[in-house]
Amino acid sequence: MKKFLAEFREFTLRGNVMDLAVGVIIGGAFQNIVKSLTGDIISPIIGLFAKTDFSNLVIKLWDVEIKYGAFITAVINFIIMAFIIFLLVKGVNKLASIAHRKEEIEEEAAPTTKKCPYCMSEIAIEATKCPHCTSDL
C-alpha cells in the first residue's frame with residue numbers, strides 16, 4: 001500500500017499533472033467569463049434585432065418546450081472559446097518558435113576555434129597544445 005501511495009504521489013506531483021490541474025481551474029473560470037459575455041452582452045444585442053430576449057426563444061411541440069435560444073447561446077459560447085483557445089495556442093507557438101530561433105542563433109555563434117597566445121595561430125577550441133608552436137595551453 002505504501003508503494004502504491006508513493007507512486008500516486010509521484011504521479012500527482014509530476015509537472016504535467018500540475019499544469020493540467022492549473023489549466024482546468026483557469027479554464028473553468030474563463031468559461032464563466034465567456035458565458036457572461038454571451039448571456040449578458042451578445043444575446044441581448046441579438047435580442048434587439050429579434051425584438052425578444054434571445055435566451056428565452058422557445059418552440060413548443062406537443063407540450064414539450066424546445067429551447068433553441070439556449071442552444072444557440074451554447075454554440076456562440078463554443079465558438080468564442082474555440083477562437084480564444086486558437087489565439088492562445090497560436091501565441092504560445094509563436095513564442096516557442098522565437099525562443100527556438102534564439103537558441104539556434106546562439107548555437108551557431110559559439111566559436112569553434114581560438115588563438116594560441118604564443119604564436120597567434122588559429123587552433124581548435126578543445127586543443128590543450130598548439131600544433132604550430134607546441135606550447136602547452
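Across every non-hydrogen atom of Lys94 and Ser97, the tightest pair is O-OG, 2.8 Å.
Atom OG1 in Thr134 sits 11.0 Å away from atom OH in Tyr118 (nearest 0.5 Å). Atom CD in Glu7 sits 15.0 Å away from atom NZ in Lys2 (nearest 0.5 Å). For the atom pair CD1 (Ile26) and CD (Gln31), the distance works out to 14.0 Å, reported to the nearest 0.5 Å.
When side chains are defined from C-beta on, Tyr68 does not count as touching Val58, because their heavy atoms never get closer than 4.5 Å. Two residues are said to be in side-chain contact when any heavy atoms from C-beta on lie closer than 4.5 Å; Cys133 and Ser121 fail this criterion. Residues Ile123 and Lys115 form no side-chain contact, since every pair of their non-hydrogen atoms from C-beta on lies 4.5 Å or further apart. Leu61 is listed as a side-chain neighbour of Ile66, based on a closest heavy-atom distance under 4.5 Å.
Apart from Leu87 itself, the hydrophobic cluster it occupies contains Phe83, Phe86, where clustering links Ile, Leu, Val, Met, Phe, Trp and Tyr at side-chain heavy-atom distances under 4.5 Å.
Criterion: ILVMFWY side-chain heavy atoms under 4.5 Å apart, direct or through other members. Under it, Ile79 and Ile33 are not part of a common hydrophobic cluster.
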